[in-house]
Amino acid sequence: MKPRESFDGVTADAISAIAALFDCNAEHQEFALPNDDQGVWQVHYRAETGNIRVLLWPAINRIDVTVGPHMWVVKGVRKLEVIQDLEFIARFPDDGVLTVARNGQVVLTTPNG
């Protein structure tokens, strides 16, 4: 993995980079959208603040993040950036940003509309 990588949306390469960030393999899930040949992928990691579960939906550029009892869902991801040993950043419409750090911290920023 490069120290910093960027991807256009939730791609297979982005999923691999997120799995590498969390030192694990992405797991193909048994469920998917109708007619979706890409499937849904899960990355699961034990962080300082609890378990991180990231579901990645490449067909619709969606990311679901769960840490403990908290959950965030972002749709329409246009850019993903993975920073080695630190975090991944997902950028979605209207300048929204989701940041998920290896230590389990999650920050969701949305524009003031």
Side-chain angles (χ1 to χ4, degrees):
M1 183 172 143
K2 297 177 185 175
R4 186 178 208 123
E5 294 184 89
S6 293
F7 307 92
D8 292 327
V10 181
T11 64
D13 289 338
I15 293 168
S16 294
I18 290 171
L21 169 69
F22 292 108
D23 295 323
C24 64
N25 294 316
E27 301 169 356
H28 190 258
Q29 299 302 287
E30 294 179 13
F31 57 90
L33 298 168
N35 302 316
D36 175 9
D37 60 347
Q38 299 175 75
V40 179
W41 297 85
Q42 174 183 267
V43 172
H44 190 261
Y45 178 75
R46 175 73 181 148
E48 297 169 21
T49 57
N51 291 328
I52 300 173
R53 179 180 185 222
V54 181
L55 285 179
L56 300 141
W57 305 69
I60 56 173
N61 284 312
R62 173 177 159 169
I63 298 175
D64 304 357
V65 177
T66 305
V67 179
H70 310 286
M71 184 173 189
W72 301 263
V73 175
V74 294
K75 299 177 181 179
V77 173
R78 2 179 212 100
K79 282 280 194 200
L80 261 170
E81 187 173 6
V82 180
I83 303 171
Q84 184 179 9
D85 298 326
L86 183 63
E87 64 191 6
F88 76 83
I89 302 163
R91 299 183 190 286
F92 55 97
D94 299 323
D95 297 321
V97 178
L98 170 73
T99 303
V100 180
R102 278 180 51 102
N103 67 6
Q105 293 180 338
V106 177
V107 177
L108 178 65
T109 306
T110 59
N112 185 10

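Position 1 is the first residue of the sequence, and the numbers go up from there.
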Are Arg62 and Val10 side-chain neighbours, meaning at least one heavy-atom pair lies under 4.5 Å? no
Does Leu86 share a hydrophobic cluster with Ile89, counting links as ILVMFWY side-chain heavy atoms below 4.5 Å and allowing steps through other members? yes
Suppose the criterion is side-chain hydrogen bond (donor to acceptor under 3.5 Å, both in side chains): which pairs have a residue in residues 88-97, not counting sequence neighbours? none
Would a 4.5 Å heavy-atom cut-off, applied to side chains only, mark Trp72 and Val100 as touching? no
Could you check whether any side-chain heavy atom of Leu80 comes within less than 4.5 Å of a side-chain heavy atom of Ile18, counting everything from C-beta outward? yes
Which other residues belong to the hydrophobic cluster containing Trp57, where Ile, Leu, Val, Met, Phe, Trp and Tyr are joined when side-chain heavy atoms lie under 4.5 Å apart, directly or via other members? Phe31, Leu33, Val40, Leu55, Ile60
Euclidean distance, Arg102 CZ relative to Glu87 CD, rounded to 0.5 Å: 12.0 Å
Measure the spacing between OG1 of Thr109 and CG of Leu98 and express it to the nearest 0.5 Å. 8.5 Å
Return the set of residues passing ring pair (Phe, Tyr, Trp, His ring centres under 6.0 Å) with Phe7 (not counting sequence neighbours), or none when no residue passes. none
Tyr45: partners by ring pair (Phe, Tyr, Trp, His ring centres under 6.0 Å), with sequence neighbours left out: Phe22
Could you list all the side-chain hydrogen bond (donor to acceptor under 3.5 Å, both in side chains) pairs where at least one residue sits in residues 25-36, not counting sequence neighbours? Glu27-Gln42
Residues at least two apart in sequence or cross-chain that pass side-chain hydrogen bond (donor to acceptor under 3.5 Å, both in side chains) with Lys79, listed by chain then number, are Asp8
